[in-house]
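The figures here come from the full heavy-atom set of this structure, side chains too, leaving out hydrogens, waters and symmetry mates.
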Amino acid sequence: MADNYEVKAGLAEVETFDVVGVSTITDNEKGTDDINALWERFFKESTGQYVPDKTDDIIYAVYSDYEGDHEAPYRLTIGYRVSGNQTPDTMHRVTIKSQEYAVMSAAGQQPDALIETWKAIWSSEDLPRSYATDFELYGPRFFEDGINEVLVHIGIDTP
């Protein structure tokens with residue numbers, strides 16, 4: 001299942017689904033340190049082995065619980081899509097909101113390509129962000145040498 005996700009840039013309608021994993025609340029001022037620490041925890045604790053009912057091995061980094069725009073505090077959860085209702089005590093469950101998402105590919109040298117993509121998102125005046133849920137998808141193409149693609153999904157308000 002992990003090999004057949006669609007790679008697209010542009011707009012995509014995403015149906016609701018849940019992600020379970022490790023989580024922290026941060027903001028862009030201290031975000032780099034907090035995000036690096038969360039990724040370190042995700043791998044050190046072998047999070048994927050302890051997520052019940054995960055649907056595949058695609059890793060999701062979900063931005064949610066925004067207290068305002070991209071400069072205000074938000075929650076980041078790194079984990080896996082799940083089909084069941086179990087959430088271990090040491091983990092957090094977040095629901096990806098059903099809505100339209102702007103999808104961008106951040107491919108190449110990481111984390112540089114991802115950082116540049118986020119800088120473009122933050123500076124865009126043409127992206128009507130909903131600040132409900134945004135997420136990064138780390139699928140098989142992320143782990144291919146020379147590609148290292150992350151698909152960034154930004155929730156948008158539609159008229």
**Message:** Checking the side chain of Asp34 only, and the main-chain atoms of Ala37 only, is there a donor and an acceptor separated by less than 3.5 Å?
**Reply:** no
**Side chain proximity check, Tyr60 to Ile78, heavy atoms < 4.5 angstrom** = no
**Asked** Within the distance-only criterion (no hydrogens, no angle test), does the side chain of Thr16 pair as donor or acceptor with the backbone N or O of Lys97 below 3.5 angstrom?
**Response** no
**Asked** Which distance, rounded to the nearest 0.5 Å, do you find between the CE of Met104 and the CD of Glu136?
**Response** 11.0 Å
**Prompt:** How long is the span from the CG atom in Asp112 to the CG atom in Asn148, to the nearest 0.5 Å?
**Reply:** 11.0 Å
**Message:** How long is the straight-line distance from OG of Ser130 back to CD1 of Ile154, given to the nearest 0.5 Å?
**Reply:** 9.0 Å
**Request:** Heavy atoms only: give me the nearest Ala113-Ala107 pair and the separation to one decimal.
**Result:** CB-O, 3.4 Å
**Asked** Say you draw a straight line from CG of Asp65 to CD1 of Ile25; how long is it, rounded to the nearest 0.5 Å?
**Response** 7.0 Å
**Request:** State yes or no: do Phe43 and Leu114 share one hydrophobic cluster built from I, L, V, M, F, W and Y residues joined by side-chain heavy-atom distances below 4.5 Å, directly or via other members?
**Result:** yes
**Request:** Classify the angle between the aromatic ring planes of Tyr131 and His70 as parallel (below 30°), tilted (30 to 60°) or perpendicular (above 60°).
**Result:** parallel
**Sole candidate of Trp39, Phe143, Phe42 that passes ring pair (Phe, Tyr, Trp, His ring centres under 6.0 Å) when paired with Tyr138** = Trp39
**Request:** Would you please classify the geometry between the Trp118 ring and the Trp122 ring as parallel, tilted or perpendicular, with 30° and 60° separating the classes?
**Result:** tilted
**Request:** Of all the heavy-atom pairs spanning Val94 and Ser64, show the shortest one and how long it is.
**Result:** CG2-OG, 3.5 Å
**Message:** With rounding to the nearest 0.5 angstrom, report the CD to CG distance, Gln99 to Asp157.
**Reply:** 7.5 Å
**Asked** Is a salt bridge present between Arg41 and Glu45, judged by a nitrogen-to-oxygen distance below 4.0 Å?
**Response** yes
**Asked** Does any N or O in the side chain of Asp134 come within less than 3.5 Å of the main-chain N or O of Gly155, such that one atom is a donor and the other an acceptor?
**Response** yes
Show me the side-chain donor-acceptor pairs of residues 83-92 shorter than 3.5 Å, one per line, residues at least two apart or across chains.
unit_1	atom_1	unit_2	atom_2	d
Ser83	OG	Asp53	O	3.3
Thr87	OG1	Arg93	NE	2.9
Thr87	OG1	Arg93	NH2	3.4

**Prompt:** Looking just at side-chain N and O atoms, do Arg81 and Thr55 make a donor-acceptor pair shorter than 3.5 Å?
**Reply:** no
**Request:** Answer yes or no: is there a donor N or O on one side and an acceptor on the other, between the side chain of Thr47 and the main chain of Gly21, under 3.5 Å?
**Result:** no
**Message:** Is there a ring-ring contact (aromatic ring centres under 6.0 Å, His included) between Tyr50 and Tyr80? Walk through the geometry before answering.
**Reply:** CA-CA 10 Å; Tyr50 304 102; Tyr80 297 89; over 10 Å; no
**Prompt:** So, does Ser124 use its side chain to make a donor-acceptor pair with the main chain of Ala120 at under 3.5 Å?
**Reply:** no
**Item:** Nearest heavy-atom neighbours spanning Ser23 and Thr77
**Value:** OG-OG1, 3.2 Å
**Asked** Nearest heavy-atom pair of Leu11 and Ala102: which atoms, and what distance?
**Response** CD2-CA, 4.0 Å
**Prompt:** Got Leu151 and Ser105 here, is their nearest side-chain heavy-atom distance under 4.5 Å?
**Reply:** yes
**Asked** With hydrophobic residues grouped by side-chain heavy-atom distances under 4.5 Å, do Leu127 and Val152 end up in a single group?
**Response** yes
**Prompt:** Where do Gly48 and Lys54 come nearest, in terms of heavy atoms and distance?
**Reply:** O-NZ, 3.4 Å
**Inter-residue atom distance Arg129.CZ - Ile156.CD1, 0.5 Å rounding** = 11.0 Å
**Prompt:** Do the rings of Tyr63 and Tyr74 sit parallel, tilted or perpendicular, given the 30° and 60° boundaries?
**Reply:** tilted
**Request:** Would you check if Tyr101 and Thr133 make a side-chain contact, meaning some heavy-atom pair closer than 4.5 Å?
**Result:** yes
